[in-house]
Amino acid sequence: MKDFLPGLQGVAATKSSISDIDGEKGILSYRGYSLESLAFQSTFEETTLLLLDGELPTSAELHGFSQKLRENYRIKYHIREMMRHFPHTGHPMDMLQTAVSSLGMFYPGTECLTDAEACEDLNYVKNMTVNIIAQMAPLVAMWEHIRNGWDPIQPRKDLSVAKNLLYMFSGEEPDPLMSRIMDVCLILHAEHTLNASTFAALVAGSTLATPYSVISAAIGTLSGPLHGAANQRVVQMLREIGSPKRAEAWVDERLKNKEVIWGMGHREYKVKDPRAKILHGMVKQLVEDRGGELDEMFETAMKVEEVCADRLGHKGVYPNVDFYSGILYSQMGIPEDQFTALFAVARSAGWLAHWREQISDNRIYRPTQIYVGSGPREYVPMAERK
Ligand code: COA
């Protein structure tokens, strides 16, 4: 009898040295470094290089990598034109998946992905990795302008990924606190072991599909509300609740109807997600920076957290990364439907680190199933069917 574990819970599907979670203690580390040490001391560029290469870079390595990213910010004219023809009501995740997948036609060279030696050309792997990570944020920010019928703002090579992202959204250079918050958000979302979208990337990568197809598969997987789209749902939920006074009754009604509370619970964590703790601290920092006035949405979120701790704590259901990220993005003036796309911008680092690990020692994913369908049957011609 074959074992069947729904959702593959607890099944080890790969070996990896990229990140690790201790879900009982609420610890996440990238390449052995605690998430907190990276969030408070590193940058998205440095963390990305750490994820990709396994070691903290030297200053020259980091400079070279940052330069290459900046040289790749610019989106090709034909891709911009293609985006103008997308329906303006299209969701940013659908736009991003389509645009990234189309990049593969503009940046060929996949013949080095061969069956014999998963990839013979490390230069190709490195160049495509930089190319994809660099273009994710500009694509997302450009879409904001294109879908509103405006010309997109061109990227600036003198800005970091986080700053350039905010600049391309607003047309103004962001203040240092906002830039830092965005940088930390990117670091926190960059990697998270074998989640659904990373698994999708591994499965696609194991077929030796192009990295553009790999990332496109991962973006599609991230777009679901049980995964990346929960951050958008959290903000919608907090708006619907409206004020801290209504939080308790709202949560109880939801639970009575057996509906989930968005931004709560995680397969791996049985305590508060360490990323949620850092984001919670950043919301507080932002509130202090703005003179201590508590935003009503933040107050409502804290009340929902308190009520959920009481109702769901015994099941190990606490805030996950999506619970506070949306509040921060809202404060930056980013539209709700773009939140998951920002998640994808950051997670492209982790996806590509896993892709590189997969193709360096590749075997195609091909699990099995337990067949529960009908036994052998005779085909019935149409005229004889009842
Ligand atoms: N709200 C209410 N109850 C929740 C819950 C939530 N957000 N998350 C989990 N639970 C409950 C389940 O109903 C279940 O209760 P039961 O044992 O009485 O049936 C128990 O906690 C275990 O949850 P389960 O659904 O088995 O966990 P999972 O590992 O399969 O699912 C998630 C994990 C993330 C899909 C789930 O927690 C969820 O749907 N969360 C909301 C969506 C979200 O925020 N996703 C972003 C994840 S980063």
Side-chain angles (χ1 to χ4, degrees), residues 4-13 19 21-24 26-28 35 93 185-201 218-241 247-280 297 300-330 336-337 339-347 350-351:
F4 166 54
L5 293 165
L8 298 185
Q9 177 158 12
V11 175
S19 65
I21 295 172
D22 181 332
E24 299 294 332
I27 298 173
L28 169 62
L35 184 71
M93 287 297 277
C185 285
L186 293 177
I187 293 171
L188 298 184
H189 287 87
E191 160 64 11
H192 207 230
T193 72
L194 200 58
N195 52 82
S197 57
T198 302
F199 187 45
I219 293 169
T221 310
L222 186 69
S223 69
L226 294 188
H227 193 3
N231 57 10
Q232 183 181 345
R233 301 286 172 110
V234 170
V235 169
Q236 287 163 350
M237 170 183 85
L238 295 175
R239 270 194 224 297
E240 194 184 318
I241 299 174
E248 192 167 7
W250 194 94
V251 168
D252 285 339
E253 181 65 17
R254 271 300 277 184
L255 295 180
K256 199 176 89 194
N257 296 332
K258 304 239 171 291
E259 289 171 306
V260 294
I261 311 300
W262 299 109
M264 291 284 158
H266 198 283
R267 175 71 58 84
E268 293 286 319
Y269 296 112
K270 297 300 156 226
V271 292
K272 187 166 174 176
D273 183 330
R275 301 165 299 171
K277 280 191 191 163
I278 297 172
L279 290 167
H280 191 167
M297 190 184 275
T300 308
M302 289 202 301
K303 187 67 191 171
V304 170
E305 178 174 353
E306 187 192 311
V307 176
C308 285
D310 183 58
R311 312 294 198 268
L312 297 169
H314 66 284
K315 294 184 183 178
V317 174
Y318 288 97
N320 60 49
V321 67
D322 294 315
F323 195 67
Y324 286 107
S325 62
I327 299 179
L328 284 167
Y329 295 146
S330 299
E336 280 164 30
D337 66 348
F339 295 171
T340 316
L342 293 187
F343 191 157
V345 168
R347 188 54 62 81
W351 289 332

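Both ligands and their constituent atoms are indexed starting at 1 by order of listing. Numbers here simply count residues along the sequence, with the first being 1. This structure is a prediction, so every number in the text was calculated from the model and none was measured.
- Counting only heavy atoms, the protein never gets under 4.0 Å from atom 26 (O) of ligand 1.
- Within 4.0 Å of atom 22 (C) of ligand 1, not a single protein heavy atom is present.
- Residue contact check: Trp262 has heavy atoms under 4.0 Å from atoms 42 (C) of ligand 1.
- Within the 4.0 Å heavy-atom cutoff, His227 counts among the residues contacting ligand 1.
- Using a 4.0 Å cut-off between heavy atoms, Leu255 contacts ligand 1 through its side chain alone, with no backbone atom that close.
- Polar contact check, Arg275 against ligand 1: no nitrogen or oxygen pair lies under 3.5 Å apart.
- A ring-centre distance under 6.0 Å is found for Tyr269 and His192.
- In this structure, Glu248 pairs ionically with Arg311, as a charged nitrogen and a carboxylate oxygen lie closer than 4.0 Å.
- For the atom pair CZ (Phe343) and NE2 (His227), the distance works out to 6.0 Å, reported to the nearest 0.5 Å.
- Closer than 4.0 Å to atom 37 (O) of ligand 1 lies at least one heavy atom of the protein.
- Look at Gly7 and you'll find every heavy atom at least 4.0 Å from all atoms of ligand 1.
- Protein non-hydrogen atoms do reach within 4.0 Å of atom 48 (S) of ligand 1.
- By the definition of a contact as any protein heavy atom under 4.0 Å away, atom 40 (N) of ligand 1 is in contact.
- There is no protein heavy atom less than 4.0 angstrom from atom 32 (C) of ligand 1.
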